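Numbers here are sequence positions counted from 1. Just so you know, these numbers come straight off a predicted model, no measurement behind them. Below, each value reflects all heavy atoms present in this structure, side chains not excepted, and no hydrogens, waters or symmetry copies.
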Amino acid sequence: MATKTKTLKLTDSIKLKIRNDFVQGIDGEDKKMFPTLDELTTKYKVAKSTVYRAARSEGWKVQKEQLQTEYLKALDKKRSKDMANKSMK
């Protein structure tokens, strides 16, 4: 008989941690890591369906995409500025 994994209640603080990890990523050694919702539900031991429902209703995927777009624009701007400074030398 299979044992059922005990899940915790999705409190506001846990939901905020999951959202921040999913949307903003987790700082790794060399780069930022973006865990999946499945990985985060396992890490925080909460029900997948509850997390997916919260993510969908609060638009986490759109928030993540917007943040990544803004980050890439800022990175491109910085790289362009650095290249321009190097070419002036």
*If you measure from CG on Leu10 to OG1 on Thr41, what distance do you get to the nearest 0.5 Å?*
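Result: 10.5 Å between the selected atoms.
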
*Hey, what do you get for CZ (Phe22) to CG (Leu37), rounding to the nearest 0.5 Å?*
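One finds 4.5 Å between CZ of Phe22 and CG of Leu37.
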
*Does NZ or CZ of Lys17 come closer than 6.0 Å to the centre of the six-membered ring of Tyr44, within 45° of the ring's axis?*
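No, Lys17 and Tyr44 do not form such a contact.
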
*Using side chain to side chain donor-acceptor pair (under 3.5 Å) as the criterion, point out the one residue from Gln24, Arg19, Gln68 that pairs with Gln63.*
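The option that passes is Arg19.
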
*Linked, directly or transitively: Ile18 and Val62 (ILVMFWY side chains, under 4.5 Å)*: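 No, no single cluster joins them.
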
*Please name all residues satisfying salt bridge (charged side-chain N to carboxylate O under 4.0 Å, His left out) with Asp12, sequence neighbours left out, ordered by chain then number.*
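For Asp12, no residue satisfies salt bridge (charged side-chain N to carboxylate O under 4.0 Å, His left out) once neighbours in sequence are set aside.
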
_Before you tell me yes or no, could you show the steps for Lys77 and Lys81 under side-chain contact (heavy atoms from CB on, under 4.5 Å), namely the whole-Å CA-CA distance, both residues' side-chain angles and the distance that decides it to 0.1 Å?_
CA-CA 6 Å; Lys77 188 175 181 178; Lys81 189 175 181 179; 5.9 Å; no

*Do Phe34 and Lys32 have side-chain heavy atoms sitting under 4.5 Å apart?*
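In short, these two side chains touch, coming nearer than 4.5 Å.
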
*Grab the two heavy atoms, one from Asp21 and one from Lys43, that are nearest each other, plus how far apart they are.*
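Smallest interatomic distance, heavy atoms only, reads OD2-NZ, 3.7 Å.
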
_Has Glu70 got a side-chain atom pairing as donor or acceptor with Leu67's backbone, closer than 3.5 angstrom?_
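No; zero donor-acceptor contacts below 3.5 Å.
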
Tabulate below the donor-acceptor pairs under 3.5 Å that side-chain atoms of residues 46-59 make, not counting sequence neighbours, or state none.
from  : atom 1 : to    : atom 2 : distance (Å)
Tyr52 : OH     : Asp38 : OD1    : 2.8
Ser57 : OG     : Arg53 : O      : 3.2
Ser57 : OG     : Ala54 : O      : 3.2
Glu58 : OE1    : Trp60 : NE1    : 3.0
Glu58 : OE2    : Lys15 : NZ     : 2.8

*Step by step, work out the salt bridge (charged side-chain N to carboxylate O under 4.0 Å, His left out) result for Asp82 and Lys78.*
CA-CA 6 Å; Asp82 290 345; Lys78 182 182 180 299; 3.2 Å; yes

